[in-house]
Every structure is written in C-alpha cells, then in structure tokens.
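Before any comments, here is the structure.
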Amino acid sequence: HRITGISISTLDGIITALALSLLAAGVYFLARFLTKNNWVALISALVFTILPSAGYIFPQAARIGEGFDFLPWRIAGFLTFGGGAKLVGFAILPFLILLFWQVFNVFSRKKFVLITILTTILLLTDFSIFISFLIIAVALISAEGFYGNWLDKARRGLGILVVGAGLSAF
C-alpha cells in the first residue's frame, strides 16, 4: 500500500483481473496442447469463460448479475463473494498441468524451477486447488509410466511436489 500507492482492495481487484485473463489463456493453451487444434482451444477458452454466466437463469444469480450489468459470472461472483486467491490458484492450474506433463518428456532445470515455484504459489493460495492438482499429478505420473521409465518419471514428479511443498512451509 505504501510502496505502490494503490489501496489493497484495488490491488486485489487488479490481481484478480489478471488471474481471470490468465485463466482463460491457460485453458486455451492446455486445450491446444491436448487437441493440437487452435479452433478447439479457442472455443474451449470461450466456453469456459462464458458458460458459467448461464447461471443467470436462476433468480438469485440474476439479482447478483443485475448489479454488475451481467458481467461474466466469474467476475460478478468474485465481486460479490470474494475469493481472489482461489482465482489465482485456478489461473495457475492449467499452466502447471501443462508444464508438469511436459517435464516428463523434456526435462530441464528451468522447467523444474518454474513448476516448483508455481506449485508453491498454488499451495499458498488455495489448498483445495492444490489437492486437485495433486490428483492430476498422480494420474499423469501413472499414465506416463505406461510409456516407460516409470521410476524416473515418478521421481521427477514427486521431486517437484516435495520441493514445492517444502518451499511453501517457509
């Protein structure tokens, strides 16, 4: 607050807006990685961004939406109920999944450090999303085991998780 001259609530709003943008971009990049199709990825990101607003058909959600000129639900929901940290966690998740999956095929220290930092940030921002990532990580480690070198891939994946959890303890 004293450093930036911006109020904490304004800073929280800026971080949340950035997180919402990163979330849509993360869905796009993850969908593109999985499908190898730019159009499918674009449609996935748009549907992911717009579809929750279909909840405005319910009277209680419609009353909330009216107060915000029917902004997309993720924004209206944040402005009503808060949860900026959860949105930051959601924004990190697709990128973390993508990088975690890639590290099995092409290992580099740079990716390892980036994934570890993202894992730490995820663990510090929202534990429930970290649990979701943990389940996905175990599934990816198990699935990658079918392609060979299971022990090496499990060691990489668990190393990332352990170092990320260890960093969050400081």
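Numbers here are sequence positions counted from 1.
Side-chain contact between N38 and Y28 is present, with at least one heavy-atom pair separated by less than 4.5 Å. Within the 4.5 Å cutoff, the side chain of R32 has no heavy atoms near those of the N37 side chain. Counting heavy atoms from C-beta outward, F130 and L124 have side chains that stay 4.5 Å or more apart.
Note that the CG atom of L122 and the CD1 atom of I115 stand 12.5 Å from one another [nearest 0.5 Å]. Distance OG1/T116 to CG/L167: 7.0 Å, rounded to 0.5 Å. Here CD1 of I141 is found 8.0 Å from CD1 of I160. Values are rounded to the nearest 0.5 Å. Note that CD1 of I97 is 3.5 Å distant from CD1 of I136, once rounded to the nearest 0.5 Å. Note: T16 OG1 to L22 CG = 11.5 Å, rounded to the nearest 0.5 Å.
In this structure, T35 contributes its side chain and V40 its backbone to no donor-acceptor pair below 3.5 Å.
Within a 6.0 Å sphere centred on CZ of F33, heavy atoms belonging to other residues, nucleotides or ligands number more than 12. Remark: K36 NZ is packed, more than 12 non-hydrogen atoms of other residues, nucleotides or ligands lying under 6.0 Å away.
Scanning all heavy atoms of the two residues, the minimum distance from S128 to K86 falls at OG-NZ, 3.1 Å. Scanning both residues, A19 and L87, for their nearest heavy atoms gives CB-O, 3.8 Å. The two atoms that bring L161 and A137 nearest to each other are CD1-CB, 4.2 Å, heavy atoms only. Pairing each heavy atom of A165 with each of L123, the nearest pair is CA-CD2, 3.7 Å.
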Evaluate the side-chain contact (heavy atoms from CB on, under 4.5 Å) criterion for residues L23 and F48: first the C-alpha distance (whole Å), next the side-chain angles of each, then the deciding distance (0.1 Å), finally the verdict.
CA-CA 9 Å; L23 179 57; F48 182 81; 3.5 Å; yes
Using the rule given for side-chain contact (heavy atoms from CB on, under 4.5 Å), can you reason through W101 versus L34, listing the C-alpha separation, both sets of side-chain angles and the distance that settles it, and then say yes or no?
CA-CA 11 Å; W101 201 341; L34 293 172; 3.0 Å; yes
Checking side-chain contact (heavy atoms from CB on, under 4.5 Å) for the pair L114/K110: CA distance, chi angles, key distance, verdict?
CA-CA 6 Å; L114 182 59; K110 183 178 170 182; 5.8 Å; no
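There is a path of hydrophobic side-chain contacts, each under 4.5 Å, that joins W39 to V27. Cluster membership for L93 and F127, using ILVMFWY side-chain heavy atoms within less than 4.5 angstrom, is shared. Hydrophobic clustering keeps I131 apart from V138 (ILVMFWY residues linked when any side-chain heavy atoms are closer than 4.5 Å, directly or through intermediates). Cluster membership check: I135 does not share its hydrophobic cluster with V162, using side-chain heavy-atom separations under 4.5 Å among Ile, Leu, Val, Met, Phe, Trp and Tyr.
Between F100 and F133, the ring planes are perpendicular. Angles over 60° get that label, and only those under 30° would be called parallel.
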